[in-house]
Amino acid sequence: MALLNILVYPDERLKQVSQPVKKFSEELNQFVKDLEETFHSFPGCVGIAAPQVGRFERIVLVDVSQKPQHVNHGFLVLVNPEIIFYDGTSLGREGCLSVPNYTGRVQRAKLIVLKAHDVNGEQHEFRMSGYEARAVQHEIDHLEGKLFLDRLVNRRNALTKRTELSL
Amino acid sequence: MKNWLMLTLVGKDQAGIVAKISQALFDLKGNLGETSMTRLGGNFTIMLMVCTPEKKSTVQEKLQAVCDDLELFFHLDEIEGGLHQHVEPDVRISIHGADQAGIVAQATDISNKAGLNILNLESDVVGHPGNPVYILHMEGVAGNGIEVLDKSLQIFALENDVVVHVTPIDTMVG
Ligand SMILES: [Zn+2]
């Protein structure tokens, strides 16, 4: 087990697009364990993506269970995640391990249906809403080389512009 | 210890204010910190933090020339503190209703008594000029909890026939 180093913006590598995982190996298992340990070393953090620690593969961890007021699926290892359905929009505040000392309002889909493999390569489907759906969308953005900074909604215009935004 | 100045500036809105002020500060080797620049009515307003090796009097002189040109008023203050001092809000309050005198004063007084520390506030008057609607947004820290704040503000809403939404801000970090 090892704590991994978090890449911090403006590190250019955070803009890299991550590649799909092809082999569900023991090495992948070991990496996910390290990623999990790193993830849980940040109290209050509910998600992490592999590229945040410099591994550009499509792996994210999400765990909203520490916030029981939000409906959630507990600790999830999502490999090659794919959102196959979006519905509704919601505005909420986000922060990021890779962008210390800043939070901002971001528009996300309210409800998503997600397909992903687990660490053993088995495929699952999840229906998520609200906070957990937000976390997953934030992490999948990392796989695309995107940060929440790319999606900030201006405070003053948050009310009037909301219907003009596309996801 | 870095020397930070707070620049307060206001004047009739016209194209190029931000660019010209920013350029003047850049020429003074100034680094901008947190800033708020916005159009209010037909005016343009700036409040910004700037850190420069130059003396306040030098900055004053340079800005005076630019502002005279653009017919802007400004003020400079030496300030303590600096960057990386963000406080995270945990509640967001929106209020809207028919425009009426004293609504901000009352709403903020009630919020203050219910423990709210306001981090930012923005308000607008919209709608038809003959029948204006007031919209107010605040974000802050609810020192006594969100329920206490919501209760006080909902009473205020009933008494003043306005709509108040108190929403917790649960920042997602990932
Ligand atoms: Zn992030």
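The sequence lines fix the lettering, A, B, ..., with proteins before strands; numbering per chain opens at 1. Note that the structure is predicted; figures quoted are calculated from it, not measured.
Interface residues of residues 45-83 of chain A toward chain B, defined by a heavy-atom distance below 4.5 Å and sorted by number: Cys45(A), Val46(A), Gly47(A), Gln52(A), Lys67(A), Gln69(A), His70(A).
No more than 12 heavy atoms of other residues, nucleotides or ligands lie within 6.0 Å of NZ in Lys151(B), so this atom counts as exposed by the packing criterion. Residue Glu125(A) places its CD atom among more than 12 non-hydrogen atoms of other residues, nucleotides or ligands, all under 6.0 Å distant. Other residues, nucleotides and ligands place more than 12 heavy atoms under 6.0 Å from the CD atom of Gln14(B). Asp68(B) CG: more than 12 foreign heavy atoms inside a 6.0 Å radius. Sparse packing is recorded around CG of Asn5(A), with 12 or fewer heavy atoms of other residues, nucleotides or ligands lying under 6.0 Å away. Counted within 6.0 Å of CD on Glu34(B), heavy atoms from surrounding residues, nucleotides or ligands total more than 12; the atom is thus considered enclosed. Counted within 6.0 Å of CZ on Phe26(B), heavy atoms from surrounding residues, nucleotides or ligands total 12 or fewer; the atom is thus considered open. In this structure, Lys62(B) places its NZ atom where more than 12 heavy-atom neighbours from other residues, nucleotides or ligands lie under 6.0 Å away.
Considering only heavy-atom pairs separated by less than 4.5 Å from chain B, the leading option among Tyr131(A), Tyr102(A), Phe39(A) is Tyr131(A).
Glu94(A) is not listed as a side-chain neighbour of Thr171(B), based on a closest heavy-atom distance of 4.5 Å or more. A 4.5 Å side-chain heavy-atom check between Arg92(B) and Arg93(A) finds every atom pair outside the cut-off.
Atom CG in Leu91(A) sits 11.0 Å away from atom CD1 in Ile169(B) (nearest 0.5 Å).
Grouping the Ile, Leu, Val, Met, Phe, Trp and Tyr side chains by contacts below 4.5 angstrom, directly or via other members, places Tyr134(B) with Ile118(B).
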(request) Determine, stepwise, if the pair Glu132(A) / Met172(B) fulfils side chain to side chain contact (heavy atoms under 4.5 Å, CB included). (result) CA-CA 9 Å; Glu132(A) 190 182 40; Met172(B) 194 292 297; over 6 Å; no
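Among all heavy-atom pairs drawn from Asn101(A) and His86(B), the shortest one is O-ND1, 3.0 Å.
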